Structures are given as structure tokens and as C-alpha cells.
Amino acid sequence: FNNSQLLKRLLNSPTITTWFAFLSKSLGLIILVPLLLITFSKEIISVFFLFEIFIGLQMLANVGFHSTLVRVIAYAAGGSKEIKIHSSKPPVIEQDIINWNLIEQIYSMIHYLLSGITILFFLFLSILGSFSVYKSIQLTNDQNLLWASWICIIVAIVINQWGQRYVIY
């Protein structure tokens, strides 16, 4: 192997990219938290961590749905005639072509499901989320900036949740 082939192989390695992802998150936390503690007041830090909790909740909500819905679409793309949720048997494949009718049904279900989840997230963040960050924001001097940040976080989470339908398919 020459250096460019080795570099290309390392960059395309699932193991190496997973290690780098974990390393970047760990280093980000190890470097970011001390900088936050030195730079900002404890009131601002508490607001920052509350924002992080809500962002994490949105990511957590997608973990279960994403893999299940990708698997269902893969079965239909493999030619499955139907998808049974509570069956221990593998799906029945009658033909070796993509079952577009089933994919259309699945995508329609995904559209309604993710639209509902997006609306629920918007309501949850707008009402309960705003109540939970209210006291922490009121303890700071930069209230207008933090409320604008909270609105940006709500908008970003709603857009991200709405766009999950395109990530799945």
C-alpha cells in the first residue's frame, strides 16, 4: 500500500470513522465544558444545558423510528408483499422486484406519523419547554438573546424533525 491508498482505506473504514465520531464528541465535551465554566456565568450555563437536553430529546425520539422505518422500506424494496408487525416469520416475497404499491403505502404512513410527531414536538417545546427554560432565562442579564436562541432552537428542531421523512427514504 502507498500512503494515498492507506489514507483512502482509513477514511472509508466504518471502524475508524466510528472511533473518530466518538473521539470528536468526547473531546468536544472535555474541551467545551471547561471553556463554558470559565467564560460564562452559572445561569447562562444552566440555560445552555437545558437547550442541550431538548436537542437530545429530539435526537432520542428519532433513534427508534429511523431504523424501524428504514427496515420496512427495505422489505418493500426487496419485493415483500406485506409487512406484518407482530410476526416471527420473515416477510413473504412473491416477486423479485420492488413493490412500489407497498412503498407508497409505507411512505404515506411515514408522512402522517412524522407530521404528527413534528406537531407534538412543536407543541411540547413551545409550551412545556418554554415553561422549563423560563426561570433559568429570567435569572440572566441577556434575556432577549436567550429567548431568541430558544426560538431558534425550536425552529431548528421542528425543521430537523420534519426533514426526517427524507432521511428515512
Side-chain angles (χ1 to χ4, degrees), residues 14 17-33 35-37 39-78 80 82-87 91 99-169:
T17 54
T18 302
W19 286 353
F20 280 132
F22 285 131
L23 183 65
S24 68
K25 288 179 184 180
S26 300
L27 285 177
L29 186 64
I30 291 170
I31 293 170
L32 186 62
V33 170
L35 285 174
L36 285 172
L37 292 173
T39 308
F40 298 108
S41 67
K42 62 183 174 183
E43 292 83 10
I44 297 279
I45 293 170
S46 69
V47 173
F48 172 78
F49 282 127
L50 276 172
F51 290 171
E52 284 291 320
I53 287 170
F54 287 109
I55 292 168
L57 284 175
Q58 188 264 334
M59 292 175 6
L60 185 65
N62 288 328
V63 168
F65 286 113
H66 188 270
S67 59
T68 302
L69 296 174
V70 166
R71 187 178 308 112
V72 168
I73 289 175
Y75 283 141
S80 180
E82 63 182 3
I83 305 295
K84 291 186 179 179
I85 305 229
H86 298 289
S87 176
N99 187 345
W100 288 110
N101 292 330
L102 184 57
I103 287 180
E104 287 177 18
Q105 292 173 356
I106 293 168
Y107 189 73
S108 175
M109 184 266 313
I110 289 171
H111 174 75
Y112 288 114
L113 177 70
L114 293 182
S115 295
I117 291 172
T118 302
I119 292 168
L120 287 176
F121 258 103
F122 176 74
L123 293 173
F124 172 75
L125 292 173
S126 298
I127 298 168
L128 296 176
S130 296
F131 281 131
S132 67
V133 299
Y134 175 79
K135 185 176 180 181
S136 296
I137 289 177
Q138 293 306 315
L139 295 174
T140 67
N141 295 329
D142 298 327
Q143 293 176 10
N144 291 336
L145 179 64
L146 291 173
W147 280 116
S149 300
W150 176 240
I151 291 170
C152 288
I153 288 172
I154 291 173
V155 169
I157 287 175
V158 167
I159 290 171
N160 187 332
Q161 188 62 41
W162 183 262
Q164 289 300 311
R165 72 191 72 228
Y166 304 112
V167 174
I168 290 170
Y169 186 73

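All values below come from the heavy atoms of this structure, side chains included, with hydrogens, waters and symmetry mates left out. The structure displayed is predicted, hence computed values, not measured ones.
Remark: the backbone N or O of I137 is paired with a side-chain donor or acceptor of T140 at under 3.5 angstrom. A donor-acceptor contact shorter than 3.5 Å links the side chain of S24 to the backbone of F20. Distance alone, capped at 3.5 Å, places no donor-acceptor pair between the N99 side chain and the A76 backbone.
Every residue two or more places apart in sequence or in another chain that forms a side chain to side chain donor-acceptor pair (under 3.5 Å) with S41 is listed here: E43.
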Run the side-chain donor-acceptor check on residues 144-160: report pairs under 3.5 Å with partners two or more places apart or on a different chain.
residue : atom : partner : partner atom : Å
S149    : OG   : L145    : O            : 2.9
W150    : NE1  : S130    : OG           : 2.9
N160    : OD1  : Q164    : NE2          : 2.8

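Taking CG from L27 and CG from L32, the interatomic distance works out to 11.5 Å, rounded to the nearest 0.5 Å. Once rounded to the nearest 0.5 Å, the distance linking CG of L60 with CD1 of I53 reads 12.5 Å. To the nearest 0.5 Å, atoms CD (Q161) and OG (S115) are separated by 10.0 Å. For the atom pair CZ (R165) and OH (Y112), the distance works out to 11.0 Å, reported to the nearest 0.5 Å. Note: L125 CG to S132 OG = 8.5 Å, rounded to the nearest 0.5 Å. L114 CG to L120 CG: the interatomic distance, rounded to the nearest 0.5 Å, is 11.5 Å.
A 6.0 Å sphere centred on CZ of F122 holds no more than 12 heavy atoms belonging to other residues, nucleotides or ligands. Other residues, nucleotides and ligands contribute more than 12 heavy atoms inside 6.0 Å of the CZ atom of F124.
Inter-residue side-chain proximity for F54 and V133 is flagged as met; some heavy-atom pair is nearer than 4.5 Å. I73 places a side-chain heavy atom less than 4.5 Å from the side chain of I110.
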